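Predicted, not measured: the structure shown is a model, and the values here were computed from it. Chain letters run A, B, ... following the sequence lines, proteins first and then strands; every chain starts at 1.
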Amino acid sequence: MVQRLSQLFVRTLRDNPVDAEVPSHRLLVRAGYIRRAAPGGYTWLPLGWRVYQNVARVIREEMDAIGAQEVHFPAMLPREPYEATGRWTDYGDNLFRLQDRRKVDYLLGPTHEEMFTLLVKDLYSSYKDLPVWLYQIQDKFRDEARPRGGLLRGREFSMKDSYSFDIDDEGLQRSYDAHRDAYVRIFDRLGLPYVIVSAMSGAMGGSASEEFLFPCDVGEDTFVQCASCHYSANTEAVRVGAASPIDHSSTPAQRVVDTPNTPTIQTLVDLFNGRDDLRRTSGQWQASDTLKNVVVMLRHPDGRIEPLAVGVPGDREVDMKRLEAQVSPAEVQPFEEADFAKHPALVKGYIGPGALGTKNASGIKYLLDPRIAIGSEWITGADQAGKHVMHLVNGRDFEADGVIDVAEVRDDDTCPQCGSALEIRRGIEIGHVFQLGRKYAETLDLQVLDQNGKQRVVTMGSYGIGVSRAVAAIAEASHDELGLRWPREIAPFDAHVVIAGKDDGSITQTANQIAEGLQSNGMRVVLDDRVGVSPGVKFKDAELLGMPVVVVAGRGVANGVVEVRNRITGTTTETPIDQAVSLALAEIAKA
RNA sequence: CGGGGGGUGGCGCAGUUGGUAGCGCGCCUGGUUUGGGACCAGGAGGCCGGGGGUUCAAGUCCCCCCUCCCCGACCA
């Protein structure tokens, strides 16, 4: 059936909604695709729901094509499985919890590793049953502290997540590769540009976890990309190579210097450059010649709290996200005044390697940025108020307990693979493939018998795509100043036929004929049949709604012609009425 | 959770020293229009986010709460 715009449940807004900031949110609300219904929750209107279904269909087709099978869970889940894996508590405030009339606890699933693991455990018990790949497309619930960007980060959102179950690591790798390949096909079909980045430290073997990021200024993830080689990684996963040792045979002995009133690195550098006796033999001292020591508190999952000291070059900050990722599952907490009181060896503002390290006065574990080479000399805190030390050589004058790579990553940092300059970019995480391994299977005791009749713990992978987020990302990727521009496969309709201008009946007749012609060729068609609406309004709405091809039947009909407009390429072609359908079909095929 | 800015018809906004709640768009009726968000005339539509207080009188002043947006923190 040709959808008549006069009958469609939609209202476009002339003005931008004031509470929408990012383009996708603004346009989806203004064009009548979604409405906010709750904090972080959106209602899909008919147009939006068609887009959603199209995205879900593409994902289903590709998942089914690799042999994955769809299941469907209840939204309301029991507490026990999440209790068993510790996530009932680990998820903290982000978990939506509820109780039934008997005060029994339930939760709204934030993610479903537990349920899938138990489902397979429930039914399968032999290696012959493996591998098996299951997926769901369902709403997830996370009580985000700050939902934002409309569909980009909600508290209720739709996600496709798959889980693979294999008997061994080789199988897991095959399952992972199959999903990764499927994701490439999915995002290509969705018209979403993406970069695949490493999401975990190289220590685990670089391919254990990768993210698909859609590069975009409003994205919340930061990643680096190398212009020369193909290296790309989430900033959390970037690993800097260790610096080569430096010959320090000509470096003077360490020297403690009075440095009053040097609360910042810059004032410290200025003081050294301003004093004749401290001046460098060649050039000026830089912030990068100083060693900054940051102390934090780590809170382990078992509740244990211990301090950790990190040394980074003075021109860099410690990136807390990177630090959290490195020390996970421990949480990072600030080192507070009260903590200084408990550790008298630490002098606030003058913390140096002299006091740090498990072998020194504080006993605090001390880890160094990999850029800090053995043999390099530094200006750093002397562990006395108002004093710094210079010519302090790593390996000669102090020794750290190890290396940790958590300094901020900057534009033009060198690529760990080829040494060229890295570029920092932002992106929206649209997909994530992850080799979970045996963590959940062990905890929930998912084992099968192998060929030798022995119990073997199953190894798992998890693979997610945010469906509602993908809708927003596509809108983000496919719009211009006039409105949305849906890729053909995702658009609510293939063609938008407009009845424009003063009509003696022939225009409406022509428009109907074209709409039906398109439909009989398998196209999904919306017809703007609204009466008393001026052509300008209809054109604006057509541009805002964003179907790939717009056919305008208007004043040209008197001369036997209509217009075919391609919303993607921006071209307008006038064509005889009897060729309108075939031309529109050709343009749709191009879009 | 910290900082900042908001909440007044469906949407966007104004509202003075406290004194009958307004404008534009949209919506309804009639008429005129019909190729780039038309025009005229007449209408409908508001618990001014919620609660408490001050006052003869509160959209406006005071207190508490809710909620939205932005920045940060947080985020399998």
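Across all strands, A:D503 comes closer than 4.0 Å to no nucleic acid atom at all (heavy-atom distances). In this structure, A:K321 reaches the bases: a heavy-atom distance under 4.0 Å links it to at least one base atom across the strands shown. No engagement by A:E211 is indicated, since no non-hydrogen atom pair under 4.0 Å with the nucleic acid exists. Across all strands, A:R153 comes closer than 4.0 Å to base atoms (heavy-atom distances). Contacts of A:E563 with the nucleic acid, taken as non-hydrogen atoms under 4.0 Å apart, include base atoms.
A donor and an acceptor atom sit less than 3.5 Å apart, one in the side chain of A:R565 and one in the base of B:rG36. Side-chain to base pairing of A:R148 with B:rC70: no donor and acceptor N or O lie closer than 3.5 Å to each other.
When rounded to the nearest whole Å, the span between CZ of A:F141 and C1' of B:rC75 equals 18 Å. The CG-P distance, from A:L13 to B:rC27, rounds to 12 Å in whole Å. Between the CZ atom of A:R530 and the P atom of B:rA38 there is a distance of 12 Å, given to the nearest Å. The CG atom of A:L108 sits 18 Å away from the P atom of B:rA76 (whole-angstrom rounding). Straight-line distance from the CG atom of A:D319 to the C1' atom of B:rA73: 13 Å, rounded to whole Å. When rounded to the nearest whole Å, the span between CZ of A:R146 and C1' of B:rG3 equals 12 Å. Rounded to an integer number of Å, the gap from A:N559 CG to B:rG35 P is 14 Å. Computed from coordinates, the A:E21 CD to B:rG6 C1' distance equals 13 Å when rounded to whole Å.
Taking side-chain N and O atoms only, A:R11 has no distance below 4.0 Å to OP1 or OP2 of B:rC27. Side-chain N/O atoms of A:T111 include none lying less than 4.0 angstrom from OP1 or OP2 on B:rA76. For A:R36 and B:rC68, the shortest distance from a side-chain N or O to OP1 or OP2 is below 4.0 Å.
In this structure, A:F223 has no ring-ring contact (aromatic ring centres under 6.0 Å, His included) partners at least two apart in sequence or on a different chain.
Among B:rC75, B:rA76, B:rC68, the nucleotide with an atom closest to any side-chain atom of A:E429 is B:rA76. When distances are taken from the side chain of A:V552 to each of B:rC75, B:rG35, B:rU67, the shortest belongs to B:rG35. Checked against B:rA38, B:rU67, B:rC13, the side chain of A:V18 finds its nearest nucleotide in B:rC13.
A salt bridge links A:R79 with A:E83: at least one charged nitrogen is closer than 4.0 Å to a carboxylate oxygen. A salt bridge does not link A:R97 to A:D105: none of the charged nitrogens lies less than 4.0 Å from a carboxylate oxygen. Taking a cutoff of 4.0 Å between a charged side-chain nitrogen and a carboxylate oxygen, A:E144 and A:R153 qualify as a salt bridge. A salt bridge links A:D405 with A:R322; the closest basic N to acidic carboxylate O contact falls under 4.0 Å.
For A:D217, the CG atom sits in a loose shell: 12 or fewer heavy atoms of surrounding residues, nucleotides or ligands are nearer than 6.0 Å.
To the nearest whole angstrom, the two C1' atoms, one in B:rA57 and one in B:rC70, are 38 Å apart. Comparing the same atom, C1', in B:rC68 and in B:rC28 gives a spacing of 31 Å after rounding to whole Å. Between B:rC13 and B:rU8, the two C1' atoms lie 9 Å apart (nearest whole Å). Between B:rU67 and B:rG50, the two C1' atoms lie 10 Å apart (nearest whole Å). B:rG51 and B:rG9 have their P atoms separated by 16 Å, given to the nearest Å. B:rG4 and B:rC39 are spaced 44 Å apart, taking the C1' atom of each and rounding to whole Å. Of the P atoms belonging to B:rA41 and B:rC47, the separation is 29 Å, rounded to the nearest Å. With both ends at atom P, the span from B:rC11 to B:rG49 equals 13 Å, rounded to whole Å.
Both distances falling under 3.5 Å, in either a Watson-Crick or a G-U wobble arrangement, place B:rG72 opposite B:rC1. Summarising the base pairing, B:rU60 is matched to no nucleotide, lacking a Watson-Crick or G-U wobble pair whose two defining distances lie under 3.5 Å. Using N1 to N3 plus N6-O4 or O6-N4 for Watson-Crick, or N1-O2 and O6-N3 for G-U wobble, each under 3.5 Å, B:rG30 pairs with B:rC40. Pair check for B:rG18 finds none; no Watson-Crick or G-U wobble contact set falls under 3.5 Å.
Nearer to the 5' terminus of RNA chain B, by closest-nucleotide assignment, is the contact made by A:R30 (compared with the other of A:S462 and A:R30). Taking for each of A:A553 and A:Y91 the nucleotide of RNA chain B with the nearest heavy atom, the 5'-most of the two is the partner of A:A553.
When A:V295, A:L308, A:V294 are each tested for a side-chain contact (heavy atoms from CB on, under 4.5 Å) with A:F335, only one passes: A:V295.
Between A:F212 and A:Y194, the angle of the ring planes lies from 30° to 60°, which puts this pair in the tilted group.
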